[in-house]
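See below for the structure under consideration.
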Amino acid sequence: MENKKFYITTPIYYVNAKPHIGHAYTTIAADVLARFYRQQLGKENVFFLTGTDEHGAKIQKKAEEAGKSPQEFVDEISSEFKKLWAKDKLNIEYDNFIRTTDGTHIKAVQRVLQTLKDKGAIYKGEYEGLYCVGCEQFKNEDDLVNGKCPDHGTAPDLMKEESYMLKMTEIQAELLEKIEKEEFKVTPEKYKNKIVSFLKNQTLHDVSISRKNVSWGIPLPFDESHTTYVWVDAFLNYLTGLGWDGDENNLPEMWPVDINLIGKDILRVHATIWPAILIHLGIKLPKIIFTHGHILSDGKKMSKTLGNTISIDEMLEKFGTDGTRYLLLSAGPFGEDIDVTMERMVEKYNADLANGLGNLISRVIKLAEGYEFENKNEYDPLIWNKGFIEAFWMDKALERISDHLIRKSNKYITDNKPWELKKTDEAKFKEVMQKLISDLYLVSELFIPFMPETSEKIKKALETKKLDEVLFQRIK
RNA sequence: AGCGGGAUGGAGCAAUGGCAGCUCGUCUGGCUCAUAACCAGAAGGUUGUAGGUUCGAAUCCUACUCCCGCAACCA
């Protein structure tokens with residue numbers, strides 16, 4: 001059955017640091033999907049949500065270090081994300097940008113927590129964790145260096161603290177069933193397998209959903225001495241981002257989520273705590289959790305220590321908005337880890353965009369100058385990419401446009417020599433050019449979701465037979 | 001230790017039982033409409049190692065080597 005609406009989300013990004021290439025990758029992919037479905041279903045039937053996650057101990061600490069209030073700090077970083085998504089940067093066309101510090105979000109979260117408490121899904125228990133006395137905070141294994149707090153050089157103590165807990169064990173069987181039956185589809189397959197084996201092999205323990213000594217968070221409505229643990233706060237954005245007020249009997253029309261797009265680092269929580277909350281509330285689960293891989297650089301995780309990071313600003317500067325969008329999406333199969341290096345991206349940029357697409361447009365426009373041609377393309381652009389995009393094969397979709405249209409057109413020009421025909425056989429010349437122009441109209445339409453600006457520029461050039469600027473100047 | 005992913009011509013990838021293909025790079029030739037771009041042809045691989053199954057293996061099985069990641073409240 002055909003979906004009549006399409007609701008897609010990115011994770012909301014934690015504002016402990018400025019946006020990086022990974023955030024950009026997820027968001028570009030979501031944007032391409034959203035733009036594609038807007039073409040298919042109409043703008044009003046698509047909702048694309050992104051935003052920022054702004055509470056928690058880590059933020060509180062970072063703000064302190066920066067000598068700012070938490071609110072100032074999160075305002076600043078959140079706006080960095082917004083700027084990066086703007087038209088002059090990555091050109092992300094979201095329908096809403098939610099912030100977990102929005103008043104409406106906070107109210108809705110509190111309402112949900114109260115409901116969960118009333119339903120008996122939340123109880124008072126104890127959270128056990130590694131506590132650093134110097135930081136007055138619980139630490140995660142990942143925060144530690146050689147088992148010691150990096151700030152204080154001391155090993156944290158195993159400590160217990162009063163905390164409210166969300167019942168996980170009792171929903172485990174139901175969750176597993178929903179995942180196995182793909183009522184709650186975790187995809188690609190390998191990630192589903194991961195989660196299924198995880199859920200089969202151990203009993204989920206109840207999770208702590210509050211913190212006692214973190215002030216930068218949403219206070220529990222039934223115990224103001226606790227703030228809400230960030231994950232619980234964050235997950236609910238997928239609902240509050242639609243304007244939901246926290247009443248489970250009054251869900252937004254766009255619900256459920258069609259695609260929760262996430263990176264593999266946050267798969268486990270998204271496939272356990274998030275659905276657990278919804279099951280407790282009696283709300284339908286998202287249809288699909290799509291997990292994509294990470295961006296590696298030279299086969300390794302990007303890290304400052306290794307010095308192999310590639311900044312998104314650097315990419316934008318070098319490749320422009322559409323170049324960056326193209327390169328990230330075509331770097332490898334969506335879902336797998338993709339490996340990028342600046343060197344290879346420059347190569348691909350030159351090969352596909354400058355020498356391929358850009359040069360093709362130049363030569364066709366020059367040849368067509370002074371003549372009139374229409375768009376006589378016979379293919380339906382909405383069908384052309386459909387199968388691929390529905391399968392999330394954005395890289396394959398791009399590859400096929402390159403192969404079937406761009407390379408073929410270049411060959412067609414060489415084979416038919418329109419510059420000669422122009423002098424010797426005008427009828428044939430017009431026929432050849434008409435075919436080229438029509439194919440390029442198709443190219444411009446197919447690129448709409450991927451490279452909206454470029455698509456526009458191509459269309460304009462085809463209509464006016466003039467190219468105002470060189471598309472994708474070759475990088476030396 | 002365990003779990004997951006991977007190893008294919010110089011580089012990056014494709015091919016899940018049937019002649020090992022694509023892009024980039026290299027070499028040679030062609031073209032001159034175009035962004036020193038475009039087109040054609042060529043060279044280059046005993047598919048990580050060792051065994052096994054099969055008429056047939058990159059693909060299935062076993063063992064091993066190496067690389068990467070994960071190892072629940074890290075957003």
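Below, chains carry the letters A, B, ... as their sequence lines are ordered, and counting in each starts from 1. Nothing here was measured: the structure is a model prediction, and the numbers come from that model.
As a whole-Å value, the separation of A/Gln473 CD from B/A34 C1' is 12 Å. To the nearest angstrom, P of B/G69 lies 14 Å from OH of A/Tyr191. For A/Arg363 and B/C33, the CZ to C1' distance is 6 Å, given to the nearest whole Å. Distance CG (A/Asp395) to P (B/A14): 9 Å, rounded to an integer number of Å. Rounded to whole Å, atom C1' of B/C39 lies 9 Å from atom CH2 of A/Trp419. Rounding to whole angstrom units, CG of residue A/Asp352 and P of B/G25 are separated by 11 Å. Here the P atom of nucleotide B/C24 and the CD1 atom of A/Ile406 are 12 Å apart, to the nearest Å. The distance from atom NZ of A/Lys408 to atom C1' of B/C39 is 15 Å, rounded to the nearest whole Å.
Among the heavy atoms of the strands lying under 4.0 Å from A/Asn359 is at least one base atom, whether or not backbone atoms are also near. A/Asp265 comes within 4.0 angstrom of a base, heavy atoms only. At a threshold of 4.0 angstrom between heavy atoms, the contacts of A/Lys301 are confined to the sugar-phosphate backbone, with no base atom among them. Nucleic acid contact class of A/Tyr13 (heavy atoms, under 4.0 Å, all strands): none. Contact annotation for A/His294: no contact, since no heavy-atom pair falls under 4.0 Å across all strands. A/Val230 comes within 4.0 angstrom of the backbone, heavy atoms only, and of no base. Across all strands, A/Ala234 comes closer than 4.0 Å to no nucleic acid atom at all (heavy-atom distances). Using a 4.0 Å heavy-atom criterion, one finds that A/Thr203 contacts the bases of the nucleic acid, with or without backbone contacts as well.
Comparing the P positions of B/C60 and B/C68 gives an interatomic distance of 24 Å, to the nearest angstrom. The same atom, C1', is picked in B/U26 and in B/G12; the two are 16 Å apart, to the nearest Å. Only the C1' atoms considered, B/G5 is 24 Å distant from B/G45, to the nearest whole Å. Nucleotides B/G69 and B/C61 place their P atoms 26 Å apart, quoted to the nearest Å. Distance check on atom P: B/U16 versus B/C31 gives 41 Å, rounded to whole Å. The same atom, P, is picked in B/G2 and in B/U23; the two are 42 Å apart, to the nearest Å. To the nearest whole angstrom, the two P atoms, one in B/A7 and one in B/A15, are 10 Å apart. Comparing the C1' positions of B/C33 and B/C13 gives an interatomic distance of 33 Å, to the nearest angstrom.
Checked against B/C73, B/C38, B/A34, the side chain of A/Asn355 finds its nearest nucleotide in B/C38. Listed nucleotides B/A37, B/G12, B/C31 differ in distance to A/Arg474; the shortest reach to its side chain belongs to B/A37. For A/Leu204, the side-chain atoms get nearest to B/A72 when compared with the rest of B/A37, B/C33, B/A72. Relative to the side chain of A/Lys264, the nucleotides B/G69, B/C38, B/C33 differ in distance, and B/G69 lies closest. Closest to the side chain of A/Glu399, out of B/A11, B/C24, B/C22, is B/C22. When the nucleotides B/A11, B/U23, B/C38 are ranked by their closest atom to the side chain of A/Arg407, B/U23 comes out on top. Nearest to the side chain of A/Arg211, among B/C73, B/G12, B/C31, sits B/C73. Counting only heavy atoms from C-beta on, A/Glu347 has its side chain closest to B/C24 among B/C33, B/C24, B/G4. Which of B/C73, B/G12, B/G5 sits closest to the side chain of A/Arg344 comes down to B/G12. Nearest to the side-chain atoms of A/Ser208 among the listed nucleotides B/A34, B/C38, B/C73 stands B/C73.
For the pair A/Lys117 and A/Tyr164, the cation does not sit on the ring face, since its NZ or CZ is not both under 6.0 Å from the ring centre and inside 45° of the axis.
Here A/Lys190 pairs with A/Glu336 in a salt bridge; the nearest charged N to carboxylate O distance falls below 4.0 Å. Using a cutoff of 4.0 Å between basic side-chain nitrogens and carboxylate oxygens, A/Asp75 and A/Arg99 are scored as salt-bridged.
Here the two rings, on A/His226 and A/Tyr127, have centers that are 6.0 Å apart or farther.
Residues A/Met433 and A/Leu367 share a closest heavy-atom pair of CE-CB, 3.6 Å. When all heavy atoms of A/Val340 and A/Ala331 are compared, the closest pair comes out as CG1-CB, 3.8 Å. A/Asn96 approaches A/Gly241 most closely through the heavy-atom pair ND2-O, 2.8 Å.
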Dot-bracket for RNA chain B, 5' to 3', with Watson-Crick and G-U pairs under 3.5 Å, [ ] for crossing pairs and | for other-strand pairs: what is it?
.((((((..((((....[..)))).(((((.......))))).....(((((..]....))))))))))).....
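In this model, a donor atom of one side chain and an acceptor atom of the other lie less than 3.5 Å apart for A/Tyr371 and A/Glu426. A donor atom on one side chain and an acceptor atom on the other are not found under 3.5 Å apart for A/Tyr326 and A/Thr454.
In this structure, A/Lys411 does not reach the B/C39 phosphate: none of its side-chain N or O atoms is under 4.0 Å from OP1 or OP2.
Considering only heavy atoms from C-beta on, A/Leu328 comes within 4.5 Å of A/Ile295 through its side chain.
Place A/Val364 and A/Lys348 on RNA chain B by their nearest nucleotides, and A/Lys348 ends up nearer the 5' end. Nearest-nucleotide positions on RNA chain B for A/Ser362 and A/Glu336 put A/Glu336 closer to the 5' end.
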